[in-house]
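The block underneath contains the structure these notes are about, expressed in structure tokens.
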Number of protein chains: 2
Amino acid sequence: MVRPRTPLLSRDRIVEVATAIVDADGLDALSTRRLARELGVQAPSLYNHFATKEQIVDAIGDSIVAGVDLSMLGRDPWPEALKAWARAYRSAFRAHPNVVPFLARGPARRPASLRLADAVYGALVTAGWPPGDATRIGATMRFFVAGSALGSFALGFVDDPDLYARDYPHLRDAHRLAGQHAHVDDSAFELGLEALVDGLERRFERL
Amino acid sequence: MVRPRTPLLSRDRIVEVATAIVDADGLDALSTRRLARELGVQAPSLYNHFATKEQIVDAIGDSIVAGVDLSMLGRDPWPEALKAWARAYRSAFRAHPNVVPFLARGPARRPASLRLADAVYGALVTAGWPPGDATRIGATMRFFVAGSALGSFALGFVDDPDLYARDYPHLRDAHRLAGQHAHVDDSAFELGLEALVDGLERRFERL
DNA sequence: GTCCGTTAACTAACGCCGTTAGTTTCTAGG
DNA sequence: CCTAGAAACTAACGGCGTTAGTTAACGGAC
């Protein structure tokens with residue numbers, strides 16, 4: 001086959017299959033050869049659509065961030081909007097946990113990230129925040145959401161009672177975390193989010 | 001050379017040179033062949049000291065986390081201790097920005113991370129927090145610190161006035177962020193940290 | 001002092017990887 | 001109809017992490 005009558009590949013199809021591979025088997029499992037194989041094609045053909053493999057991963061990231069609901073920003077009161085947006089942002093990450101290390105990595109120059117930054121900044125300024133604070137709050141929320149989506153805290157612990165008791169005096173019961181990591185991570189996120197927005201509201205009152 | 005009179009390698013020396021490579025040229029620049037070359041050795045010799053390359057990177061991570069000052073925990077009042085510890089944690093990350101994506105990645109089962117979790121959990125419980133809340137607060141702080149160390153928020157913007165004005169109505173002045181990313185990221189971290197701990201103090205009062 | 005198991009270096013090689021060069025054939029636009 | 005460019009191909013390069021198998025020095029036991 002030299003050139004098919006109808007194209008075998010498209011950017012969308014490549015991103016779709018690449019996302020499936022990463023979701024199923026992790027970032028490291030995404031190689032140009034495997035991606036091409038699952039697309040029914042040879043690896044170099046990908047380079048007719050993307051200049052590098054990194055651009056493919058970038059496109060995966062953009063498509064994930066593009067799915068974050070922004071409708072509450074500028075509509076609801078800012079504290080509620082901020083919390084709802086943070087939850088939507090985090091759950092978009094959580095739907096593709098293997099991509100998060102890449103997403104959180106570099107500065108996000110992808111279009112969807114800019115649209116998101118624009119929306120949250122605009123909502124805060126409209127609500128009465130000074131521009132400088134609005135920038136910092138957008139950044140802080142990104143820090144928190146990215147960090148919480150990144151690595152499970154509770155997964156760091158293994159279900160072995162003896163392991164911690166010996167060396168870490170306060171972690172006697174830490175082994176129990178292993179079995180409930182999803183719940184622990186979720187409730188830690190909720191606690192932090194409430195505290196953070198609560199602190200921001202107090203700061204806002206002082207303006 | 002088959003076996004030298006005094007060993008050429010040691011775990012410490014490998015970790016030291018590996019850290020220097022990652023700091024200088026990034027995680028991707030760390031290959032077993034380059035690491036070996038800079039150690040004056042052939043690549044497979046590394047496998048006498050570490051089972052996999054990942055274990056080498058793990059050891060880099062552990063040595064960084066081991067440097068975080070924990071002395072304020074259990075000594076100062078918990079809100080101040082928590083803030084000072086978060087700043088120390090973050091600046092340890094910031095000293096090795098290229099390692100952070102790896103550090104933040106998986107659950108941290110390395111000894112230094114466990115010691116750190118033990119110290120912060122112990123300090124909170126001693127201060128009067130219920131154990132469940134202490135766990136969540138430790139996790140939340142880790143989320144925030146890891147997220148803030150991970151990717152610069154401000155670096156996501158390029159110093160090009162026209163780029164944003166067209167597509168993102170509120171980001172008219174975003175291009176100015178590019179020149180001040182360090183300051184923006186630092187002050188966003190400070191603002192978030194103050195708000196977060198402030199919110200936690202209010203929650204503590206309500207107990 | 002000699003033996004011997006272990007250690008720490010080596011060389012050679014395997015099967016991956018991302019990517020480039022060069023070729024072929026089909027499509028789309030004038 | 002002709003032609004420029006797009007989209008597939010094959011072949012190959014240099015690098016990667018890792019394994020197998022070899023060799024010589026070390027350190028303890030007799």
Side-chain angles (χ1 to χ4, degrees), chain A residues 1-62 98-99 101-103 105-106 110, chain B residues 1-62 98-99 101-103 105-106 110:
Chain A
M1 171 187 16
V2 174
R3 179 176 171 166
R5 282 152 205 289
T6 73
L8 299 173
L9 297 178
S10 68
R11 288 177 66 98
D12 284 353
R13 211 165 87 78
I14 292 170
V15 171
E16 185 186 323
V17 173
T19 304
I21 292 173
V22 173
D23 284 346
D25 296 326
L27 262 182
D28 291 346
L30 182 69
S31 73
T32 54
R33 283 170 172 85
R34 171 162 174 196
L35 176 54
R37 192 184 341 118
E38 303 204 0
L39 285 160
V41 121
Q42 298 295 324
S45 301
L46 298 168
Y47 289 83
N48 288 316
H49 302 269
F50 289 92
T52 63
K53 178 189 162 185
E54 201 186 357
Q55 285 190 7
I56 298 176
V57 187
D58 259 334
I60 296 176
D62 198 59
N98 295 334
V99 191
F102 176 84
L103 279 178
R105 193 171 190 138
R110 298 174 282 273
Chain B
M1 170 187 13
V2 173
R3 176 173 176 171
R5 282 153 204 286
T6 72
L8 298 174
L9 297 178
S10 69
R11 287 178 67 98
D12 284 352
R13 210 165 88 78
I14 292 171
V15 171
E16 186 185 323
V17 173
T19 304
I21 292 173
V22 172
D23 284 346
D25 296 325
L27 263 182
D28 291 346
L30 183 69
S31 73
T32 53
R33 283 170 172 84
R34 172 162 173 195
L35 176 54
R37 189 183 344 116
E38 302 205 1
L39 285 160
V41 119
Q42 299 295 323
S45 301
L46 298 169
Y47 289 84
N48 289 315
H49 302 268
F50 289 93
T52 63
K53 180 190 162 185
E54 201 187 357
Q55 286 190 6
I56 298 176
V57 187
D58 259 335
I60 297 177
D62 198 61
N98 295 334
V99 191
F102 176 84
L103 280 178
R105 194 171 190 139
R110 298 174 284 273

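Chain naming here is simple, since letters A, B, ... match the order of the sequence lines and numbering starts at 1 in each.
- Proximity note for B/Asn48 (side chain, C-beta onward) versus C/dA9, D/dC13, D/dG17: the nearest is C/dA9.
- Phosphate contact (OP1/OP2 of D/dA6, side-chain N/O of A/His49, threshold under 4.0 Å): absent.
- Each of C/dG18, D/dA8, C/dC10 was ranked by its minimum atom distance to the side chain of A/Ser31; first place goes to C/dG18.
- If A/Pro44 and A/Arg37 are placed on DNA chain C by their nearest nucleotide, the residue sitting closer to the 5' end is A/Arg37.
- Look at B/Ser45 and you won't find any side-chain N or O under 4.0 angstrom from OP1 or OP2 of C/dA8.
- To the nearest angstrom, P of C/dC17 lies 13 Å from CD1 of A/Ile56.
- Among the heavy atoms of the strands lying under 4.0 Å from A/Leu30 are primed sugar atoms or P, OP1, OP2 only; no base atom is included.
- Atoms CG (B/Leu46) and P (D/dG17) sit 10 Å apart, rounded to a whole Å.
- Considering only the side chain of A/Ala43, C/dT19 comes nearest among D/dC9, C/dC10, C/dT19.
- The OH atom of A/Tyr47 sits 11 Å away from the P atom of C/dC17 (whole-angstrom rounding).
- Rounded to an integer number of Å, the gap from CG of B/Leu35 to P of C/dA9 is 13 Å.
- Rounded to a whole Å, the CD atom of B/Gln42 is 15 Å from the C1' atom of D/dC16.
- Within the 4.0 angstrom heavy-atom criterion, base atoms lie near B/Thr32.
- One interatomic measurement links the two molecules: CG of A/Asp25 to P of C/dC16, which rounds to 16 Å at whole-angstrom precision.
- Evaluation of the salt bridge (charged side-chain N to carboxylate O under 4.0 Å, His left out) rule for B/Asp23 yields no partner, not counting sequence neighbours.
- We find that CG of A/Leu39 is positioned 11 Å from P of D/dC9, with the value rounded to whole Å.
- The heavy-atom pair separating B/Ala29 from B/Ile21 by the smallest distance is O-CG2, 3.9 Å.
- The nearest whole Å value for the distance from the CZ atom in B/Phe50 to the C1' atom in D/dG17 is 16 Å.
- Looking at the side chain of B/Arg33, the nearest of the listed nucleotides C/dA13, C/dT19, C/dT11 is C/dA13.
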